[in-house]
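Here the structure is laid out as structure tokens; the discussion comes afterwards.
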There are 2 protein chains.
Amino acid sequence: MELDERKMTILRAIIQNYLETGEPVGSRTISKYTDLNLSSATIRNEMSDLEEMGYIIQPHTSAGRIPSDKGYRLYVDMLMQDKQMEMDNLKLELNAKSEKLDSILKEAAKVIAVNTNYASMITAPRYHRRRIKFLQLTQVDNASLLAVVILEGNVVKNNLIHVDEVLTQETLLKLNLMLNTFLQGLDIEEINASVMQKLRTESGGYAPLISDILDVIATSLENEEVEAYTSGSTNIFKYPELNDSAKASNLLTALEEKKELTELMYQEGDSDRGIQVYIGDESPIEATKDCSVVTATYHIEEGVYGKIGIIGPRRMDYKKVVGTLQNLMSELDQIFKKGK
Amino acid sequence: MELDERKMTILRAIIQNYLETGEPVGSRTISKYTDLNLSSATIRNEMSDLEEMGYIIQPHTSAGRIPSDKGYRLYVDMLMQDKQMEMDNLKLELNAKSEKLDSILKEAAKVIAVNTNYASMITAPRYHRRRIKFLQLTQVDNASLLAVVILEGNVVKNNLIHVDEVLTQETLLKLNLMLNTFLQGLDIEEINASVMQKLRTESGGYAPLISDILDVIATSLENEEVEAYTSGSTNIFKYPELNDSAKASNLLTALEEKKELTELMYQEGDSDRGIQVYIGDESPIEATKDCSVVTATYHIEEGVYGKIGIIGPRRMDYKKVVGTLQNLMSELDQIFKKGK
DNA sequence: ATTAGCACTCAAATTGCCTGAGTGCTAACA
DNA sequence: TGTTAGCACTCAGGCAATTTGAGTGCTAAT
């Protein structure tokens with residue numbers, strides 16, 4: 001059987017109607033809805049065909065039809081082809097003077113959630129391949145040193161390190177110089193045993209201190225779970241089909257834990273494949289089997305990028321979501337470019 | 001009418017039973033439950049009295065009784081009097097080497113949520129009256145300065161500031177020295193116009209830069225919404241009485257927004273009144289009208305403290321919750337004392 | 001190829017009935 | 001005078017029967 005023009009029109013009508021109402025849609029509705037001027041009976045025949053082909057489903061005999069995952073998939077693929085999305089013009093309202101990564105991200109998550117009425121999540125750029133740009137030790141008081149590490153992309157990490165002795169200004173200066181000389185430009189994985197060994201011998205009497213410092217820096221950078229911010233998770237209550245307590249609880253737990261979702265977002269290998277859409281069972285993780293997830297990538301610079309995700313019901317307004325994401329992506333790209 | 005010993009026993013029995021089951025409790029249950037050896041009929045009479053006094057409520061004719069807010073209140077007050085709480089011994093598993101405030105707090109929130117099976121929230125210590133301990137500018141690259149501010153309690157804040165010119169090492173050193181001399185030991189509110197004026201004149205050619213810097217520092221410290229972390233918000237699904245979608249949605253929104261809850265926690269003026277319990281309508285905020293909220297204070301040092309809150313159903317296991325909070329409070333107090 | 005008509009199906013809402021838990025009251029008892 | 005047994009009454013919740021209405025599939029006519 002062939003998926004001709006008319007069948008497509010009908011399918012699209014079914015999907016769009018279902019997106020709006022969330023109720024199974026019947027033949028009569030379609031007959032009025034479209035401008036095909038066909039009677040409900042004809043539509044019925046076509047719908048029967050569409051069902052046979054697997055694009056729509058009858059939840060039970062004598063109910064209307066709803067799109068299957070396959071149907072959604074077709075619809076989404078069509079959408080993605082005509083790139084011309086209408087975008088509402090969203091703006092991040094940010095404190096321009098000082099750029100704080102996390103507040104940008106939080107804001108972005110919120111903007112998305114509010115605009116789309118779905119749940120959103122955004123991950124901080126991944127440390128992976130992020131290089132050390134600058135590094136500094138400072139004596140804060142008798143017992144503690146402050147270690148500040150700035151990574152490419154101007155991500156700042158700081159750690160307090162407890163020490164037993166007070167270091168002189170001179171020693172600190174020496175240590176700082178040394179640390180920077182040896183570590184600048186390296187990414188975390190490149191700080192291997194040989195580099196560390198060299199540092200230790202160079203440091204003269206301060207080998208144990210250096211070890212400590214490297215240790216703290218390394219663990220604080222490595223152990224870093226990818227930071228992630230969610231927003232609008234309660235939006236899911238707006239969609240009755242997610243609104244039974246078991247499903248809602250699962251989803252909310254996933255949103256609270258974030259870990260699994262982060263994996264989902266990064267799971268397509270490391271490359272940036274633009275906007276990805278997971279419909280229902282297509283998703284590799286259990287928690288979102290009843291939802292759709294749309295993810296996108298934003299860039300800070302070569303090899304440093306983060307992800308944005310939108311989680312909503314299967315009958316998500318894909319058009320709007322994709323548009324919003326594209327918009328936000330470019331907005332973020334711009335912000336980070338300016339920051340450089 | 002008087003609330004004699006026997007009535008108290010019965011009331012306590014009713015509450016305890018209701019805490020366990022969540023179902024209205026009837027006279028027969030109590031007759032068996034307590035060791036008073038009274039028939040259900042007698043209990044009925046007593047219950048009728050208790051209801052008249054407002055300690056218990058009948059959700060509908062011919063159902064059992066449930067505690068009223070007044071009843072809970074009495075129960076909680078009694079609890080608070082015999083301080084001897086059993087505490088399960090919870091331990092924060094923390095990376096001992098570097099102490100990062102936010103990870104301690106996150107961990108604490110989680111520990112509470114897991115231990116109690118309620119939702120928890122913890123706020124970072126309030127900046128209020130927090131003094132500047134140390135302050136440093138560093139040139140990161142051609143276009144940006146890094147400003148690190150360490151506050152009492154070893155809370156570290158950092159900000160990148162964009163500049164147009166490259167400063168020499170010497171200038172930086174001078175600026176740093178100056179900033180520290182003038183600002184050390186001040187709290188945010190003490191940085192007033194006169195201090196700023198003095199700084200500007202002292203700085204010679206760098207007045208505009210200084211203004212910028214002060215601006216960034218001040219706004220970043222002032223605008224800081226009190227940071228707050230929540231955990232276990234999905235625990236509320238475990239309690240059927242909160243589990244209808246309207247209530248759940250409200251509560252979860254409040255937990256996500258955090259703002260209102262933060263206000264609740266700090267609303268009792270600034271002093272530390274130990275453990276506070278808000279039962280149902282006693283709470284000043286709308287979102288928790290169907291819940292109980294228990295808050296406690298932990299201390300970092302004089303005048304610097306944060307709050308912990310537990311949000312659960314009215315029939316919360318107050319005994320356990322209060323115990324857990326006391327335990328955690330002392331645990332936190334200890335951690336921060338060690339850190340000093 | 002399209003349509004009107006009709007019989008059929010099934011979920012959801014409505015109704016009525018029953019049951020069991022629980023109460024309040026009264027009269028009897030210690 | 002406080003306690004208890006007994007009984008009538010209430011009401012939520014569960015269950016089954018019934019109705020309703022939206023929607024389908026099929027067939028015969030156009």
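If you're wondering where the values come from, they're calculated on a predicted model, not measured in any experiment. So that the names make sense, note that chain A is the first sequence line, chain B the second, and so on, each numbered from 1.
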Which pairs, protein N/O on one side and nucleotides 13-17 of chain D N/O on the other, fall under 3.5 Å?
none

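- Annotation for A:Lys7: atom NZ counts as buried by contact number, over 12 foreign heavy atoms lying within 6.0 Å.
- A:Ile15 and A:Gly71 make their closest contact through CD1-O, 3.7 Å (heavy atoms, listed as atom of the first residue, atom of the second, distance).
- Between the side chains of B:Ser283 and B:Thr288, at least one donor N or O sits under 3.5 Å from an acceptor N or O.
- The list of ring-ring contact (aromatic ring centres under 6.0 Å, His included) pairs with a residue in residues 7-48 of chain B, not counting sequence neighbours, is empty.
- Checked by atom type and distance alone, the side chain of A:Ser120 pairs as donor or acceptor with a backbone atom of A:Ala109 at under 3.5 Å.
- At a non-hydrogen distance threshold of 4.0 Å, nothing from residues 7-23 of chain A comes into contact with DNA chain D.
- Pairs of residues two or more places apart, or lying in two chains, that qualify as salt bridge (Lys or Arg N to Asp or Glu O under 4.0 Å) and include a residue from residues 281-293 of chain B are B:Arg73-B:Glu282.
- For residues 8-23 of chain A, no pair satisfies salt bridge (Lys or Arg N to Asp or Glu O under 4.0 Å), with sequence neighbours left out.
- Shortest non-hydrogen contact noted between A:Asp317 and A:Leu19 is CA-CD1, 4.4 Å.
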* Taking protein heavy atoms under 4.0 Å as touching, what does nucleotides 19-30 of chain C look like 5' to 3' if B marks base contact, S marks sugar-phosphate-only contact and - marks none? -> --BBBB------
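- Between the CD1 atom of A:Ile43 and the C1' atom of C:dA1 there is a distance of 13 Å, given to the nearest Å.
- In this structure, B:Asp4 places its CG atom where more than 12 heavy-atom neighbours from other residues, nucleotides or ligands lie under 6.0 Å away.
- Within a 6.0 Å sphere centred on CG of A:Asp77, other residues, nucleotides and ligands contribute more than 12 heavy atoms.
- Dashed line: the shortest gap from a side-chain N or O of B:Thr42 to OP1 or OP2 of D:dT4 is under 4.0 Å.
- Distance B:His60 NE2 to D:dC11 P: 9 Å, rounded to the nearest Å.
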